[in-house]
Each structure stands twice: as C-alpha cells, then as structure tokens.
2 protein chains.
Amino acid sequence: MDNSSKKTAILETGDRILRILECFNSEKTEWGVTELSDYLGLYKSVVHRALVTLENRGFVTKNPISQKYFLGIKLFELGMVVAGQMNLRTIARPFMEDLCEFAKETVMLMIIDGLDGICIDKVESSQSVRYTTPLGKRVPLHAGATTKILMAYLSEEKINKIVARGLKRFTPYTVCDSSELIKQLQLIKEKGYCISSNDFSLGGMGIAVPVYDYTGNVVAGLSISGLEIRMRENKEQLLLECQKAADRISKRLGAR
Amino acid sequence: MDNSSKKTAILETGDRILRILECFNSEKTEWGVTELSDYLGLYKSVVHRALVTLENRGFVTKNPISQKYFLGIKLFELGMVVAGQMNLRTIARPFMEDLCEFAKETVMLMIIDGLDGICIDKVESSQSVRYTTPLGKRVPLHAGATTKILMAYLSEEKINKIVARGLKRFTPYTVCDSSELIKQLQLIKEKGYCISSNDFSLGGMGIAVPVYDYTGNVVAGLSISGLEIRMRENKEQLLLECQKAADRISKRLGAR
DNA sequence: ACCTTTCGTTCCGAATATAAGAACATTATT
DNA sequence: AATAATGTTCTTATATTCGGAACGAAAGGT
C-alpha cells in the first residue's frame, strides 16, 4: 500500500468514516450497510455505526423506503464553501461565458487533484446537441483535450504514475500506448495547446489551453468542447479565442 | 444537550471529525489548530491528528503559507454528487430560468434542513443591482419571503423550536416578536404565498410560493427576490407567474 | 539581535472508545 | 409458511485514541 503521504499516524476510525464517504459518487448514490461492508472489507456493525454517526450530523441520509444511505445536504453545504473559495472559478467565469457565446460550444475549466482531473466549472452551449459533463466529476487525464493539456505540464514522475496505473480505453481512438502518449504530451507542451478529437468521446472535439497563476505554474485547463463536425473548419479561430480567454484569466490570477 | 436523535452510540472520533468539518463556512474558510481546539473545547493534539487524517484523504488542505487548514477539493466532489441527486433541482431549473427571464429579478429555490433554510439553486437577474445569495448557505427561517413560506408549512412543534432558539434581527423590520410571527405564518399558509419586504435585507422584496412533491408535502420554496422599488407596482403579476412556475414544478414532482 | 509568546507538531503511557463477532429484528423472497 | 437477506443491537477484550507535556519553529515585541 502507498503510505508515502502518511507522516503522522492517522485516526483509523476517522479515516474509515472518510473512506465510507468516498464510496458515494454519481454512479452509485445509495449504499446499503452490507454492500458497503463487503466492498470495504469491514464488519457490518462497524459500517453501521459509522453511518449512524454520519447520519446524526447530516452527512448521510437514510432512504426510509430502501433502507439504504445516500449523501446528505451537509456535504452540499460544505461543497459550496469549497466552490466559493476557489476564486479561480469566480475570476474565470465571465471569460468563460464570453468564450461560450463566441464558440457556441461548451466551455470547461478543469483542475488536477491527485492523478485525476476535476471539472470545476462549465458554461454549456445552448445547442441541443452539445458536450456536457458533470461538475466535480473525477476523470482520468490521458484522454480528452482538457485533461491532456493538464497532463502535459505534469512532472515526469507523475506522468509515469498515471501511465503505470493503466490507460483506460474510452474509444477506438484513445491513445493507450504509453510511449505514444508521452510523445503526444511533449508536443502539446511545446505548442502550448491541445486539440484532440474522438479520444474521449466519439464525435467529440476539444481545444484546450493552460491557465497559469502568479507562481507561473499551470493551475487549470480551459477548453472549448463540442462536436468535431461543427468545430473542425474553424478550429484555428476557436483556439485563438480560447488562448485569449486563458491569457486574461492567467493575468487576473497574477501571472506575468 | 439535545440527544433526541442519538439512538445508538455514535463514534466519538468520527463525530469529532465531522464537527471539525462543520466549523468551515464561507465566513471562515481557514482554521488553525489552536483556534479550532479552543473553539471546540478539544485538545490541540486531538484536533491536529484529526486534521492530518482529513488532509490525507483530501477533505482539508493545509495552506503552506499561513499553516492553517481549509476545506479540500474532495468536499466539492461530494457536494456535486449531492447536487446531482437532488432532482428537484434539475426539474426546477428550466422553470426558474423562464421565471427569471420574465421577472428580471433573481429566482431562488430553497429547502429546509433541520431548522434552517438552504438555497439549493438560483438564477440571478442580469440587472446590475440584484438580489444575490450564495448557494448552500444556511439561513434562519423567520426572515425573508423564501424562508417564511417554508416555515409556514412546518409543524407547530418545529415552529416553536425555531422561536425558542431566538429570532435574530436583520433589519428594523424583521419580525422578532414570536406571537406576531406565528400570526403572520398562519396568514401565509392560508393564502398560500408570502410577499414580504425589508425584513431580511433593506430595500429587498420577496415573493415566495411552496413547491409540493408526490406525497403532498411542501418540499421547497420558490421565490422571486429583488428590489422593492422595482417589484412593488406589479407584484400581483409576479406572484401569478411564480405560482404558475411552482405548480408546474410540483406537477413534475408528482403532486396532484 | 534577543527575548517572549504563539502556534503547529510529536511523543508516550493510561484509559476508554471501538472492533469483532454473534445474535436479534425486520423485511423481502420463495 | 419457511427461508434468506439485510439492518440493528449487544458485549467484552484489546488496540486505538486521548490527555498532557514537551519540542521546534515562526512571529512579534522590545
């Protein structure tokens, strides 16, 4: 097990509570006691007491019909506190809206957490067929423009970790060969942008550029994501506008 | 202390972890170890270990400059899972957008959690001076139209609890007298809507109506919130549109 | 530049909260 | 009606956590 981050002894009971919370996601919003205990390899009684503890504080709620538990409103509340403190988000928002207006495609803002990407904001195009992704969703970095632009600026060490974890195939065009992916990433970093299509979702296309903060590090990826068929003819112009928006956001974040 | 909800013994260590998380809000996003231990009446070592546990799982992050802790991205992630499962929200959204378009004022959707209200969605008017409130923020129920409509449909028992907790004054017009408030609430329930101004924020006005689900219970309050000076002349029409929207939402939720 | 205070972090023995496992209660399924 | 599956409760030994002191580093004042 990877305990590299474990400097001090952690509280096992507390950690277990957090691990239980982490089991809930948009694919699986409800868990029963037995299910959870099987999944985590814990005793039923242990999981049950943990869930009661969580329920008493509103972190989970019991569905009285199914008898199962789902995440409570308290987590929405705390999630919104986090959203508020991500001022990258508030700064980026107006620029994203303008960019969406111009491109008529969905605009996304993504950051890295650990070895994954998380979409922290989006402005969806009003087209009936459009690219859409849930906020807060954790996605691997090796497929899709918005994630690849982020991956390209990672340290070699992190890139290797991601590759070592395995490169999941999303479409027939996903780059799952590690050496080819690394070559692609180098090229992306050289050019300072990433245009890719069909590697994350068929028919989809993404144009992504990095956003920098005052330390000069890449803190986010900004992208226009939509349908290849609509975007391919004027991708140069879309790229230009996307870069303009990212530059403005970076400047507002203190990048020189 | 109120232990009515404490059926089974809860995990103290786990509960402490959750209590620590609850200390973070948009007014205070960063806490130091000593501060927190003073605030919660816990030993520094206890709080420190809890924070390390939380940090290891990404629930809090340490600001390397201030040495203090703030909520981590993991909570944004979980918060978004909660947002996704609140399908009241997805159903209500388009109606709220239409209503905002019509009213040119901010439209809010609020639910009850415990003895407080929480705004779970909003569509802000594009006016430069407009009513605005953060998503996920916990507010008392006795002031403001959106909250009072919710309070009006509560059980007598709950209303008494809220009154017993004390009625905070927000403006000179806030109704802080319990018997007058209760009389107001009865009237609101009779009429099925709430129009109030200046009791939560000076110059502000709210028009709020209830939203029902398939069980026939009030599950949310929908409101138009804006400036009194702009709204007062055509409040009847605004109310009508607000009611129409709420009815449509209720119907979509299965209310007859 | 030095002292003082404050704060985050570590350490260790004592104490107690918790895990483990079984048993019970309740609901669904056959 | 019998069986299976799932949520809940109970009890005790033990391993985790607390409590308190001590350490080191930074901040602030003199």
Side-chain angles (χ1 to χ4, degrees), chain A residues 1 3-24 28-72 85 215, chain B residues 1 3-24 28-72 85 215:
Chain A
M1 213 178 286
N3 277 349
S4 55
S5 60
K6 187 175 167 178
K7 303 163 201 169
T8 312
I10 50 172
L11 301 177
E12 287 196 13
T13 312
D15 190 58
R16 202 166 298 137
I17 292 256
L18 304 181
R19 267 163 58 209
I20 288 174
L21 285 179
E22 285 181 346
C23 292
F24 294 83
K28 183 148 182 62
T29 55
E30 277 202 7
W31 284 89
V33 175
T34 308
E35 257 186 311
L36 252 180
S37 63
D38 286 349
Y39 182 72
L40 291 171
L42 299 169
Y43 283 86
K44 277 203 302 182
S45 55
V46 172
V47 171
H48 179 253
R49 259 172 309 145
L51 286 170
V52 171
T53 305
L54 285 163
E55 192 184 16
N56 278 338
R57 293 238 166 253
F59 282 72
V60 303
T61 309
K62 193 166 130 192
N63 179 335
I65 298 161
S66 67
Q67 297 280 92
K68 295 184 176 188
Y69 293 85
F70 59 93
L71 293 184
Q85 78 201 5
T215 65
Chain B
M1 210 177 288
N3 277 349
S4 56
S5 61
K6 189 175 167 180
K7 305 163 199 169
T8 312
I10 49 173
L11 301 176
E12 287 199 13
T13 311
D15 190 60
R16 226 177 333 252
I17 293 254
L18 304 182
R19 266 163 60 208
I20 288 175
L21 286 178
E22 284 180 347
C23 292
F24 295 83
K28 184 145 182 64
T29 56
E30 277 203 7
W31 284 91
V33 175
T34 308
E35 256 185 313
L36 252 180
S37 62
D38 286 350
Y39 182 73
L40 291 171
L42 299 170
Y43 285 86
K44 278 204 301 183
S45 55
V46 171
V47 171
H48 179 253
R49 262 175 317 204
L51 285 169
V52 171
T53 305
L54 284 163
E55 192 183 17
N56 278 337
R57 293 239 166 252
F59 282 72
V60 303
T61 310
K62 192 165 131 192
N63 179 336
I65 297 160
S66 67
Q67 297 281 91
K68 295 183 175 187
Y69 293 83
F70 59 92
L71 293 183
Q85 78 200 6
T215 66

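Below, chains carry the letters A, B, ... as their sequence lines are ordered, and counting in each starts from 1.
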Nearest-Å distance for atom pair [atom1]/[atom2], residues [X] and [N]:
| X | N | atom1 | atom2 | result |
| --- | --- | --- | --- | --- |
| B/Arg49 | D/dA21 | CZ | P | 15 Å |
| B/Leu42 | C/dA17 | CG | P | 14 Å |
| A/Asp15 | D/dT16 | CG | C1' | 13 Å |
| B/Asn63 | C/dG8 | CG | P | 12 Å |
| A/Ile10 | C/dT10 | CD1 | P | 14 Å |
| B/Leu51 | C/dC7 | CG | C1' | 13 Å |
| A/Ile20 | C/dT18 | CD1 | P | 13 Å |
| B/Leu11 | D/dT9 | CG | P | 13 Å |

Please list each protein N or O that sits under 3.5 Å from an N or O in nucleotides 22-28 of chain C, with the distance.
none

5' priority, DNA chain D, between A/Thr13 and A/Gly32 [closest heavy atom]: A/Gly32
Taking OP1 and OP2 of [N], is either one under 4.0 Å from a side-chain nitrogen or oxygen of [X]?
| X | N | result |
| --- | --- | --- |
| A/Lys62 | D/dT8 | yes |
| A/Thr34 | D/dA5 | no |
| A/Tyr69 | D/dT8 | yes |
| B/His48 | C/dT9 | yes |

Side chain to side chain contact (heavy atoms under 4.5 Å, CB included) evaluation trace for A/Leu21 with B/Phe59: CA-CA 10 Å; A/Leu21 285 179; B/Phe59 282 72; 3.9 Å; yes
Side chain B/Thr53, main chain A/Leu11, donor-acceptor under 3.5 Å: yes
Sequence-distant partners of B/Asp38, side-chain hydrogen bond (donor to acceptor under 3.5 Å, both in side chains), two or more places apart: none
Non-neighbouring partners of B/Lys62 that pass side-chain hydrogen bond (donor to acceptor under 3.5 Å, both in side chains), sequence neighbours left out: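 Once residues adjacent in sequence are excluded, B/Lys62 has no partner under the side-chain hydrogen bond (donor to acceptor under 3.5 Å, both in side chains) criterion.
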Those residues that, when tested against B/Arg57, pass salt bridge (charged side-chain N to carboxylate O under 4.0 Å, His left out) (two or more places apart): A/Asp15, A/Glu22
Partners meeting side chain to side chain contact (heavy atoms under 4.5 Å, CB included) with A/Val46 (sequence neighbours left out): A/Arg16, A/Tyr43, A/Arg49
Sequence-distant partners of A/Glu30, side chain to side chain contact (heavy atoms under 4.5 Å, CB included), two or more places apart: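 By the side chain to side chain contact (heavy atoms under 4.5 Å, CB included) rule, A/Glu30 matches A/Asn63, A/Ser66, A/Lys68, A/Phe70.
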Residue whose nearest DNA chain C nucleotide is more 5′ - A/Glu12 or B/Lys68: B/Lys68
